[in-house]
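Quick one: this structure, given as structure tokens, is what I'll be asking you about.
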There are 2 protein chains.
Amino acid sequence: MEPSSREKILEVAEARFAQRGFAGVGMREVALAAGLGKSSLFHHFETKADLYVAVIERVIARIEAHVLPALARPGVALALIERAVDALIDALTEHPTTARLLLRSLVEDDAFAAAEPPGLAETEARIHALVGRITTLIAGGVAAGELREIHAPDAVQTLIGATVYHFASGEFGEAVLGGAVFSAEAVARRKREVKELLLHGLASPHAPKERSPS
Amino acid sequence: MEPSSREKILEVAEARFAQRGFAGVGMREVALAAGLGKSSLFHHFETKADLYVAVIERVIARIEAHVLPALARPGVALALIERAVDALIDALTEHPTTARLLLRSLVEDDAFAAAEPPGLAETEARIHALVGRITTLIAGGVAAGELREIHAPDAVQTLIGATVYHFASGEFGEAVLGGAVFSAEAVARRKREVKELLLHGLASPHAPKERSPS
DNA sequence: GTCTATAAGGGGATAGAC
DNA sequence: GTCTATCCCCTTATAGAC
């Protein structure tokens with residue numbers, strides 16, 4: 001069961017876009033790496049922007065597939081946050097290019113300046129919806145007295161930074177860690193460290209602990 | 001006292017590189033925006049990579065100018081971390097393009113693939129030195145029992161994510177916050193939220209509090 | 001669905017006049 | 001130190017044969 005041309009194209013395009021960004025990748029390069037001629041690639045994707053949107057769409061879908069189920073199950077805010085962190089990190093580490101593409105899409109959306117490609121707005125809306133749910137979750141935890149009096153949107157930004165940035169940091173991150181970022185040990189440790197930081201950093205010191213006091 | 005050509009070039013190049021990345025900016029565009037012909041720009045910077053390195057060098061110097069003095073004064077780990085956060089956020093908000101360029105330089109260093117331009121390695125070494133000092137600082141706080149048993153490099157990554165990512169997040173960050181990122185209020189709130197999160201999230205619950213217990 | 005060929009333009013970079 | 005002119009390569013994208 002060999003992959004279709006379209007899948008192969010999306011694979012190599014994702015790797016290239018993650019590495020060098022939208023402007024840094026040529027359609028010729030993508031086509032040849034996918035085993036096609038340049039014009040054949042334009043048969044599958046009418047423009048370069050269309051290809052980029054298709055790549056981003058896959059990334060968003062990957063995030064949603066992990067995080068939405070984690071948020072769907074009931075629980076108090078802190079428990080939901082912990083599950084969301086686990087799910088998000090699972091999504092970001094399943095394909096090592098996910099975080100970089102996501103970070104780039106956040107920071108690089110003005111690459112299209114004038115003519116924003118159709119479909120990009122829709123994928124952005126899906127991220128915003130996901131972010132909105134987590135913001136509401138945190139704000140609810142504050143209102144319930146479970147979390148400190150924090151500013152929920154700022155906490156969300158920190159959460160994104162602690163996960164998406166971390167797994168997008170590449171060689172720099174490896175230099176900081178002094179070792180691999182995506183190894184099983186490093187991923188497990190990252191999950192633990194982020195959850196512990198949020199647990200101690202967000203929880204209200206006055207609220208009853210959910211966890212067994214040991 | 002009008003700015004020299006070189007300064008003007010660096011200004012417009014920084015803005016362009018921050019917005020669209022290394023590959024997304026043309027030398028012609030930079031030259032015209034600086035009021036020069038393209039070839040005149042090549043007189044000031046022999047290659048595009050040289051221009052990019054000069055821009056990054058300025059950014060690093062800006063960070064160092066704020067953070068190094070904050071780390072130089074004595075204090076316990078938590079106090080030094082708080083001062084470093086303040087100083088770093090001051091540096092990142094002094095020029096709104098700083099965080100984006102810094103984040104891009106971390107994630108985009110393979111844009112040069114084969115031939116890494118001379119001077120880039122040196123600027124990277126300066127960031128690594130700064131990061132190393134903060135890592136050592138945190139590890140020392142752990143060893144002294146002042147901080148929880150955290151993994152210092154992971155904490156540094158979180159710190160970078162909470163600051164550099166946040167102020168690089170642009171339109172997306174504004175959508176998350178529901179307002180400006182660089183307004184005086186938003187910056188002050190960010191400082192407070194990050195410091196409070198780290199204070200509660202990193203401190204050992206068993207250690208005597210430095211702060212007055214009110 | 002893939003190919004060759006071509007269009008039309010921009011990329012970085014150089015040479016040499018002024 | 002800035003200019004015009006030029007070089008060569010790569011870019012996105014299209015047309016049409018197979």
Side-chain angles (χ1 to χ4, degrees), chain A residues 1-56 104 108-120, chain B residues 1-56 104 108-120:
Chain A
M1 175 168 139
E2 62 202 34
S4 72
S5 280
R6 187 184 163 89
E7 282 167 18
K8 180 75 179 169
I9 291 166
L10 286 171
E11 264 177 46
V12 307
E14 171 162 348
R16 297 303 195 288
F17 282 140
Q19 233 176 27
R20 291 194 293 282
F22 180 78
V25 178
M27 292 293 266
R28 181 195 180 192
E29 172 193 356
V30 172
L32 294 186
L36 273 70
K38 183 178 47 167
S39 297
S40 304
L41 172 53
F42 276 93
H43 172 80
H44 291 275
F45 298 93
E46 289 197 350
T47 70
K48 183 186 179 180
D50 286 342
L51 173 59
Y52 181 75
V53 170
V55 168
I56 295 295
R104 282 205 133 97
E108 210 160 79
D109 54 357
D110 24 305
F112 309 100
E116 184 156 292
L120 191 63
Chain B
M1 172 168 141
E2 62 202 33
S4 73
S5 279
R6 187 184 163 90
E7 282 168 18
K8 179 76 179 168
I9 291 167
L10 286 171
E11 263 177 47
V12 307
E14 171 162 348
R16 297 303 195 286
F17 282 140
Q19 230 176 30
R20 291 194 294 282
F22 180 78
V25 178
M27 291 294 268
R28 181 191 178 191
E29 173 192 355
V30 172
L32 294 186
L36 274 71
K38 185 174 51 165
S39 296
S40 304
L41 173 52
F42 276 93
H43 172 77
H44 291 276
F45 297 94
E46 290 197 350
T47 71
K48 184 185 181 182
D50 285 341
L51 173 58
Y52 182 74
V53 169
V55 167
I56 295 296
R104 280 205 136 97
E108 211 161 78
D109 54 357
D110 23 305
F112 310 100
E116 183 155 293
L120 191 63

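Scope of the values below: all heavy atoms of this structure, side chains included, with no hydrogens, waters or symmetry mates.
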Q.
For a quick test of reading the model: is some side-chain N or O of Ser40(A) closer than 4.0 Å to OP1 or OP2 of dC3(C)?
A.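 Looking at the OP1 and OP2 atoms of dC3(C), one of them is under 4.0 Å from a side-chain N or O of Ser40(A).
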**Q.** Lys48(B) side chain to Val25(B) backbone, donor-acceptor under 3.5 Å
**A.**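 Confirmed, Lys48(B) side chain pairs with Val25(B) backbone.
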Q. Is any side-chain nitrogen or oxygen of His44(A) closer than 4.0 Å to OP1 or OP2 of dT2(C)?
A.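 For dT2(C), OP1/OP2 do have a side-chain N/O of His44(A) under 4.0 Å.
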Q. Can you give one letter per nucleotide of nucleotides 11-18 of chain C, going 5' to 3': B for a protein heavy atom under 4.0 Å from the base, S for sugar-phosphate only, - for none?
A. SBBBB---
Q) For His44(A) and Leu36(A), what are the C-alpha separation, side-chain angles and deciding distance, and is it a side-chain contact (heavy atoms from CB on, under 4.5 Å)? A) CA-CA 11 Å; His44(A) 291 275; Leu36(A) 273 70; 4.0 Å; yes
(Q) Distance check needed: dT2(D) P versus Lys8(B) NZ, whole Å only. (A)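 To the nearest whole Å, that distance equals 13 Å.
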Q: Apply the test side-chain contact (heavy atoms from CB on, under 4.5 Å) to residues Phe17(B) and Val30(B): give CA-CA distance (whole Å), side-chain angles for both, the deciding distance (0.1 Å), then the verdict.
A: CA-CA 10 Å; Phe17(B) 282 140; Val30(B) 172; 5.5 Å; no
**Q.** Interatomic distance where CG belongs to Leu36(A) and P belongs to dT2(C) [whole Å]
**A.**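 Result: 5 Å.
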**Q.** Check against side-chain contact (heavy atoms from CB on, under 4.5 Å), Arg104(B) and Glu108(A)
**A.** CA-CA 10 Å; Arg104(B) 280 205 136 97; Glu108(A) 210 160 79; 3.0 Å; yes
Q: Take the protein atom CG of Leu32(B) and the nucleotide atom P of dC3(D), then report the distance between them rounded to whole Å.
A: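 Leu32(B) atom CG is separated from dC3(D) atom P by 9 Å.
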Q) For the pair made of CZ in Phe45(B) and P in dG1(D), what is the distance, rounded to whole Å? A)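 For the pair Phe45(B) CZ and dG1(D) P, the rounded distance is 12 Å.
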Q: Please report the shortest heavy-atom distance between Ala31(A) and Gly37(A), naming the atom on each side.
A: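 Between these two residues, the closest heavy atoms are CB-O, 3.5 Å.
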Q) For the residue pair Tyr52(B) and Phe22(B), does the interplanar ring angle fall in the parallel (under 30°), tilted (30 to 60°) or perpendicular (over 60°) class? A)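 The arrangement is perpendicular - the two ring planes meet at more than 60°.
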